[in-house]
2 protein chains.
Amino acid sequence: MSAEERLERATRLCAGRGARLTPQRARVLRILIEAERPLGAYEILAEMAEGQRALAPPTVYRALEFLLAQGLVHRLETLNAFIDCRHPERPHPAQFLICSACGRVVEIDDEAIAARLLDAATQSGFAASRKVVEVIGVCEGCR
Amino acid sequence: MSAEERLERATRLCAGRGARLTPQRARVLRILIEAERPLGAYEILAEMAEGQRALAPPTVYRALEFLLAQGLVHRLETLNAFIDCRHPERPHPAQFLICSACGRVVEIDDEAIAARLLDAATQSGFAASRKVVEVIGVCEGCR
DNA sequence: GCGCAAAACGTTATATTGTATCTTTTCGTG
DNA sequence: CACGAAAAGATACAATATAACGTTTTGCGC
Ligand SMILES: [Zn+2]
Ligand SMILES: [Zn+2]
Ligand SMILES: [Zn+2]
Ligand SMILES: [Zn+2]
């Protein structure tokens, strides 16, 4: 799926929800999609500054907040970075494989893991809301 | 298990490994054990400054680095905070349940989750080294 | 004990990541 | 157009983490 197609899908999803994917927000999303790797907020900021007057951090953080709420991007806690979601149609508990050698990130969507985790939380009396699962390792190509 | 007992256990473990649990490091560990909740590095720093001349951030970060390497504490990625480990005898992939209401954290050690995760990573060609699993939710007492 | 190298620690400065607050602009609606 | 709400701009700052470098302490072979 090309970058353009993914952007169009995002536009469609937001339209269907009455959410406003403004040019600014779409620009942040585009940067993330085209990067094909996780980007820190300040990396995005630097991208956006290219050829324009510099923007301030809250601009990027607010756009990211929107995109996170719409499920169009995920936050990687171990990297303090953001990556676009490959299956933004519906909310899902995502798991990430992060290569410590090349930085590549793979999003997997393993229902069994999510279910087992939910189960363990319930057994401990927790009502789970957000599940953060990130595996740091070395990808196939880097071995 | 009391705070003293846990400190003694840590002392014993380090001695057996030839690792130096210096007074400074033990102090950081004690602060974490007695807090009974996750603490940020700067919270620890503030604790250590009580009644003494102020210390600088690297002091705490270095002590934490040692304690992490020894498996005596864990880092909570979603909170940028640290918590003492309840089962430091051997390395283990830990999972955490974090109450967003009261801040309480429970460490669970579910082998099935770890195994399933390792399996998923392997299937995607990843050699997993570190597994971060944190569930944000609301604990029993807070509902 | 002596000398040495490694480890630990102190200190200063700085990098990185993230927010608070207030103002201005934009956009949809009546 | 008038209005209110949402978004964006702008400034300042808070919170978290590390770099760099020098000094002290420690363990160890001699
Ligand atoms: Zn996703
Ligand atoms: Zn790789
Ligand atoms: Zn543990
Ligand atoms: Zn609670």
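Every chain is numbered from 1, with letters handed out A, B, ... down the list of sequences.
Put simply, B/Y42 has no side-chain N or O that comes within less than 4.0 Å of OP1 or OP2 on D/dA15. A/N80 has no side-chain polar atom (N or O) that falls below the 4.0 Å cut-off from OP1 or OP2 of C/dT16. An OP1 or OP2 oxygen of D/dA5 is reached within less than 4.0 angstrom by no side-chain nitrogen or oxygen of A/R20. OP1 or OP2 of D/dG9 lies within a sub-4.0 Å distance of a side-chain N or O belonging to A/Q24. Checking the phosphate oxygens (OP1, OP2) of D/dG9, a side-chain nitrogen or oxygen of A/T59 falls inside 4.0 Å. Between B/Y61 and the phosphate of D/dT18, there is no side-chain N or O to OP1/OP2 separation shorter than 4.0 Å. Between A/R62 and D/dG9 there is no side-chain polar atom (N or O) within less than 4.0 angstrom of OP1 or OP2. Note on A/T22: a side-chain N or O is less than 4.0 Å away from OP1 or OP2 of D/dA8.
The distance from atom CD of A/Q70 to atom C1' of D/dA6 is 14 Å, rounded to the nearest whole Å. To the nearest angstrom, C1' of C/dA7 lies 8 Å from CZ of B/R25. Here D/dT16 presents its C1' atom at 12 Å from CD of B/E77, a figure rounded to the nearest Å. We find that CD of B/E43 is positioned 11 Å from P of D/dA15, with the value rounded to whole Å. We find that CZ of B/R17 is positioned 19 Å from C1' of C/dA7, with the value rounded to whole Å. Across the protein-nucleic acid pair, B/L45 atom CG and C/dT11 atom P stand 12 Å apart, rounded to whole Å. Taking atom CD1 of residue A/I44 and atom C1' of nucleotide C/dT16, one finds them 15 Å apart after rounding to whole Å. With rounding to whole Å, A/L68 atom CG is found 11 Å from C/dG18 atom P.
Contact annotation for A/R27: no contact, since no heavy-atom pair falls under 4.0 Å across all strands.
Place B/R75 and A/A56 on DNA chain D by their nearest nucleotides, and A/A56 ends up nearer the 5' end. Between A/A81 and B/A63, the residue anchored nearer the 5' end of DNA chain C, judged by the nucleotide with its closest heavy atom, is B/A63.
Ring pair B/F96/B/H74: centre-to-centre distance below 6.0 Å.
Residue A/E89 is tested with A/R12, A/R17, A/R9 for a salt bridge (charged side-chain N to carboxylate O under 4.0 Å, His left out); the sole match is A/R9.
The number of heavy atoms from other shown groups lying within 6.0 Å of CZ (B/R90) does not exceed 12.
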- request: For the pair B/L97 and A/S124, evaluate side-chain contact (heavy atoms from CB on, under 4.5 Å) and give the outcome as yes or no after the intermediate values.
  value: CA-CA 8 Å; B/L97 308 176; A/S124 296; 3.4 Å; yes
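Closest approach to the B/L55 side chain among C/dT19, C/dG10, D/dA10 is made by C/dG10 (side chain taken as heavy atoms from C-beta onward).
Taking the side chain as every heavy atom from C-beta outward, B/V133 and A/L117 approach each other to under 4.5 Å.
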